[in-house]
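See below for the structure under consideration.
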Amino acid sequence: MNGELALRFGRGHHLVGIAGFPTSPPGDVGVIVLNAGLVHRVGPFRLHVELTRALNQLGYTTLRMDLSTLGDSGATGESGSQSEQVRADIRDAMDQLRAQGGCTRFVLAGLCSGAENAFLAASSEQDVAGAILIDGYAYRTPGFYLRRYLPRALNPFRVIRFISRKIHTAPIQSEARFAVEFPPRSAVSEQLQRMLDGGMKLLFVFSGGASSYFNHLRQFRECYGPIAKHPGTTVYYLADSDHTFILAGDRKELIDMIGGWITCALPVGSGGSNP
Amino acid sequence: MTDGSNREIDKDIPIRFGRDGDAFGMYAHTSDTQMPAVLLCPPFGLEMIRTHRLYRQLAQALHAGGMPVLRFDYRCTGDAGGDSRELSLQHCIEDTLDAVRELRARSSSQRVTVFGARLGATTAMQAAKEAGFERLVLWDPVLDGQAYVRSQDALQEALPLDCMRFPKPRTPADVAGQWLGFEVSNQLRKELSEMQVPTPSASTLILDSRLHEDGMARDALAATKHATVIRIQPSTEWNSLDRLEHAILLPALVQATTKYLLGTA
């Protein structure tokens with residue numbers, strides 16, 4: 001495949017990933033795409049393949065990878081916590097793109113647990129210039145509850161959905177399937193503020209599939225206050241999409257959105273800074 | 001790293017192969033030239049993603065038993081080159097033949113057994129004569145292409161109204177031209193509707209984890225001279241809208257396949 005290189009890499013030679021290179025002379029920003037849940041590096045419905053190839057067309061070097069024990073990657077046998085292993089795997093990925101693509105600054109991207117891991121590493125690792133967090137951390141607000149419950153009685157489809165969910169004695173299936181543990185809002189806010197103050201660029205995308213905890217674009221400001229207004233913050237809400245972007249048109253919209261954001265926030269060849 | 005018998009177990013390596021280097025594979029080598037090599041043909045579309053972990057587990061088990069193993073992505077799928085909308089059954093058959101050649105070259109084994117699930121099994125059957133497979137292991141092979149097309153169309157028709165997935169219903173235009181997350185060309189639809197699946201002449205093990213679809217065609221295949229059927233429990237929910245993001249994990253299938261292939265190697 002022209003422009004892509006299949007790799008086994010890492011401190012234990014345990015990681016598998018596909019590096020993608022632009023046909024134009026590459027800039028210094030590399031984009032690393034992390035696993036969404038347990039899905040291997042191609043992403044849900046091949047989302048990560050489509051995204052990384054689109055970014056290659058825009059001039060960005062990319063790496064879609066499997067973290068330790070996911071997809072085709074193995075374990076290292078190390079005894080650290082999962083967080084430590086995720087950070088170490090991402091450091092390995094950055095080292096790989098430094099060596100292979102000449103990248104000096106990195107954007108970490110992920111959906112769901114991938115967003116969680118991208119946030120984890122972006123908040124602690126050197127040389128991370130940006131993060132793309134899809135259905136990442138957000139918190140229910142009074143506005144959320146008002147928007148959630150008031151229209152239900154007026155919309156037959158929502159009534160059916162509400163009743164259907166109540167029939168299930170187990171937790172709501174979509175929520176249980178995609179549930180991640182969220183840290184306290186104050187801790188996340190503090191870290192986001194530090195990241196932004198350090199010059200990082202952040203793209204938050206929420207889908208309609210996150211409707212169990214996020215249901216309007218303004219909710220981001222309700223959650224995070226001044227962070228929403230920071231010049232380094234960009235937020236989108238794709239209200240009609242599901243959590244894994246099963247429809248091709250929704251994936252295209254998401255990918256176009258990411259492409260538009262990154263070319264403005266972290267232009268190729270600019271050292272990662274806005275003009 | 002060794003397996004206790006002091007035989008070296010290499011980690012599997014990612015490779016590119018085939019026409020234009022567009023196909024992608026994970027190859028696990030062994031130095032035991034007495035053992036047949038195994039080719040793992042994946043299913044198509046979402047089924048490929050859902051079975052990825054099972055395929056890896058199967059490859060590891062067979063490799064630990066001394067067999068060189070290649071699992072791969074057809075063009076326009078997985079990590080291979082090409083757009084999903086350009087997927088073609090004929091190209092998948094070609095890529096399977098390329099994979100067999102690659103496996104023979106890397107392993108130095110001329111004896112090749114193939115494992116395939118769903119349309120991966122179908123592809124293996126269609127490539128079998130030219131590939132010269134020694135044995136086939138087929139998990140829920142798709143034998144009736146028209147029935148398959150109808151079932152995928154029905155699932156896609158139900159998808160926009162899935163209130164567990166979408167906050168509000170999607171339109172028919174939103175979901176047109178796709179099957180469960182993947183764009184589908186008219187060419188692929190035609191190929192599947194018109195496909196003829198030859199009965200393999202080599203020894204065939206059918207792993208049956210479903211009861212209802214393809215029943216008559218499967219029974220006919222099972223009745224052929226070289227075929228054996230093993231019923232795998234529990235039944236696999238290939239076509240359930242509320243399980244699309246669930247991995248398919250069947251330890252019993254991995255065990256049965258490994259036992260069969262290593263026991264008769």
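Protein chains get the first letters and strands the later ones, always in sequence-line order, with residue 1 at the start of each. No hydrogens, no waters, no symmetry mates; every other heavy atom, side chains included, goes into these values.
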Can you tell me if [X] has over 12 outside heavy atoms packed within less than 6.0 Å of its [atom1]?
X: A:Glu78; atom1: CD; answer: yes
X: B:Glu86; atom1: CD; answer: yes
X: A:Gln82; atom1: CD; answer: no

Quick one: [atom1] on [X] to [atom2] on [Y], what's the gap to the nearest 0.5 Å?
X: B:Phe166; Y: A:Ser211; atom1: CZ; atom2: OG; answer: 12.0 Å
X: B:Glu245; Y: A:Thr244; atom1: CD; atom2: OG1; answer: 3.5 Å
X: A:Asp242; Y: B:Asp162; atom1: CG; atom2: CG; answer: 9.0 Å

Under 3.5 Å, side chain of [X] to main-chain N/O of [Y], donor-acceptor pair present?
X: A:Arg46; Y: B:Thr77; value: yes
X: B:Gln178; Y: A:Ala248; value: yes
X: B:Arg56; Y: A:Ser73; value: yes
X: A:Arg8; Y: B:Asp12; value: yes

Quick check on the interface: out of [options], who has the most heavy-atom pairs with chain A under 4.5 Å?
options: B:Ala247, B:Ala59, B:Gly18, B:Cys76; value: B:Cys76
options: B:Ser84, B:Pro14, B:Gly177; value: B:Pro14
options: B:Lys168, B:Met26, B:Arg170; value: B:Arg170

Check: Which members of residues 249-259 of chain A, sorted by number, sit under 4.5 angstrom from chain B on a heavy-atom basis?
Finding: A:Asp250, A:Arg251

Select one option (side chain, backbone, both, neither) describing which atoms of [X] are under 4.5 Å from chain B's heavy atoms.
X: A:Leu7; answer: backbone
X: A:Ile18; answer: side chain
X: A:His48; answer: neither

Over all atoms of both residues, closest heavy-atom pair of [X] and [Y]:
X: B:Ile49; Y: A:Phe45; value: CD1-N, 3.7 Å
X: A:Thr69; Y: B:Arg53; value: O-NH1, 3.3 Å
X: A:Asp240; Y: B:Pro167; value: O-CD, 4.2 Å
X: B:Asp79; Y: A:Arg41; value: OD2-NE, 2.6 Å

Item checked: Counterpart residues, side chain to side chain donor-acceptor pair (under 3.5 Å), relative to B:Thr236 (two or more places apart) -> B:Ser209

Contacting moiety of [X], where chain A heavy atoms sit under 4.5 Å:
X: B:Asp83; answer: backbone
X: B:Pro160; answer: neither
X: B:Arg71; answer: side chain

Notebook entry, point to check: A:His40 vs B:His52 aromatic rings, parallel, tilted or perpendicular, using cut-offs 30° and 60°?
Noted result: parallel

Item checked: Derivation of the side chain to side chain contact (heavy atoms under 4.5 Å, CB included) call for A:Leu247 and B:Leu159 -> CA-CA 10 Å; A:Leu247 300 182; B:Leu159 184 64; 4.0 Å; yes

Item checked: Greatest number of heavy atom pairs closer than 4.5 Å to chain B - which of A:Val49, A:Asp72, A:Leu38 -> A:Asp72

